[in-house]
Amino acid sequence: MADRLCDEILAGTYQDDDRIPSVREYAVMLEVNTNTAVKTYETLAREHIIYNKRGLGYFVTPGAREQILRQRRREFREQQLPELFRQMELLGLGIEDVVGEWQHLNR
């Protein structure tokens with residue numbers, strides 16, 4: 001649930017200081033228990049991705065997009081790239097093969 005909200009921030013669905021759906025609205029939208037949504041919002045608030053305006057709801061913290069990008073890039077470098085490189089080596093693929101595929105997909 002937190003990843004989805006972060007994905008929406010990255011995609012520009014929600015921008016700095018935009019109001020996001022209430023805990024209940026988001027829980028209904030994703031068909032999850034309200035308690036799950038509450039915990040997710042509390043976690044994102046602790047990470048300064050969103051903030052609460054009492055009586056008004058939750059909003060996107062200014063700079064949240066950049067913070068999410070930094071965190072996800074670090075996780076990608078530390079968790080996914082090592083496995084990708086291992087698989088490339090096992091399969092005999094070079095960086096040129098990957099770049100070629102990337103260019104082919106982005107035409």
Side-chain angles (χ1 to χ4, degrees):
M1 191 171 167
D3 284 340
R4 177 168 171 167
L5 189 52
C6 287
D7 287 349
E8 292 171 342
I9 292 170
L10 289 176
T13 304
Y14 304 112
Q15 305 206 8
D16 289 355
D17 291 314
D18 280 355
R19 185 183 179 283
I20 60 173
S22 73
V23 170
R24 284 187 180 84
E25 290 168 338
Y26 214 59
V28 168
M29 210 174 3
L30 299 182
E31 299 178 351
V32 299
N33 185 293
T34 304
N35 291 333
T36 302
V38 168
K39 289 177 187 174
T40 298
Y41 276 43
E42 288 173 351
T43 298
L44 291 173
R46 273 194 311 276
E47 294 174 357
H48 305 291
I49 302 296
I50 61 175
Y51 65 95
N52 188 1
K53 283 187 183 177
R54 201 158 208 47
L56 295 177
Y58 282 92
F59 296 79
V60 177
T61 302
R65 184 177 190 282
E66 291 74 23
Q67 180 180 336
I68 296 165
L69 280 171
R70 278 192 307 274
Q71 178 182 352
R72 290 205 175 167
R73 286 174 178 157
R74 185 184 74 250
E75 289 171 0
F76 179 77
R77 283 191 307 271
E78 293 173 0
Q79 296 170 13
Q80 294 176 343
L81 272 182
E83 177 60 18
L84 174 66
F85 293 149
R86 188 180 80 76
Q87 288 294 321
M88 287 172 61
E89 188 173 330
L90 287 173
L91 298 172
L93 294 171
I95 195 71
E96 307 81 24
D97 299 310
V98 174
V99 170
E101 281 298 314
W102 173 259
Q103 290 170 339
H104 176 74
L105 290 172
N106 286 308
R107 287 188 185 150

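Residue numbers start at 1 and run along the sequence shown.
- In terms of heavy atoms, Pro82 sits closest to Arg77 at CD-O, 3.3 Å.
- The number of heavy atoms from other shown groups lying within 6.0 Å of CZ (Arg74) is above 12.
- If you run side-chain contact (heavy atoms from CB on, under 4.5 Å) between Arg46 and each of Ile50, Ile49, Thr43, only Thr43 comes through.
- In the hydrophobic clustering of this structure, Tyr58 groups with Val32; members are Ile, Leu, Val, Met, Phe, Trp, Tyr whose side-chain heavy atoms approach within less than 4.5 Å, directly or through other members.
- The pair Arg86-Glu83 meets the salt-bridge criterion, since a charged nitrogen lies less than 4.0 angstrom from a carboxylate oxygen.
- Here the closest heavy-atom approach between residue Val98 and residue Met88 is recorded as CG2-CE, 3.5 Å.
- Around the CZ atom of Arg72, the shell of radius 6.0 Å holds more than 12 heavy atoms that belong to other residues, nucleotides or ligands.
- A salt bridge links Glu8 with Arg4: the distance from a Lys NZ or Arg NE/NH1/NH2 to an Asp or Glu carboxylate oxygen falls below 4.0 Å.
- For the pairing with Leu69, the side-chain contact (heavy atoms from CB on, under 4.5 Å) check across Gln71, Gln67, Arg73 returns one residue only, Arg73.
- A heavy-atom distance below 4.5 Å is found between the side chains of Pro21 and Tyr14.
- Cluster membership check: Leu91 shares its hydrophobic cluster with Leu84, using side-chain heavy-atom separations under 4.5 Å among Ile, Leu, Val, Met, Phe, Trp and Tyr.
- Tyr41 and Val28 fall into different hydrophobic clusters, where Ile, Leu, Val, Met, Phe, Trp and Tyr side chains are chained together by heavy-atom contacts under 4.5 Å.
- In the hydrophobic clustering of this structure, Phe85 groups with Phe76; members are Ile, Leu, Val, Met, Phe, Trp, Tyr whose side-chain heavy atoms approach within less than 4.5 Å, directly or through other members.
- Shortest non-hydrogen contact noted between Gly57 and Asn52 is O-OD1, 3.0 Å.
- Not one N or O on the side chain of Arg19 forms a donor-acceptor pair closer than 3.5 Å with the backbone of Phe59.
- To the nearest 0.5 angstrom, Glu25 atom CD is 11.5 Å from Thr34 atom OG1.
- Atom CD of Glu89 is surrounded by 12 or fewer heavy atoms from other residues, nucleotides or ligands within 6.0 Å.
- Between Ile20 and Tyr26, the closest side-chain pair of non-hydrogen atoms is not below 4.5 Å.
- For the atom pair Asp17 CG and Lys53 NZ, the distance stands at 6.5 Å (nearest 0.5 Å).
- Rounded to the nearest 0.5 Å, atoms CD (Glu31) and OG1 (Thr36) are 13.0 Å apart.
- The CD atom of Gln87 sits 9.5 Å away from the CG atom of Leu93 when rounded to the nearest 0.5 Å.
- Atom CG of Leu5 is separated from atom CG of Leu44 by 6.0 Å, given to the nearest 0.5 angstrom.
- Judged by distance alone, the side chain of Thr61 and the main-chain N or O of Ala64 form no donor-acceptor pair under 3.5 Å.
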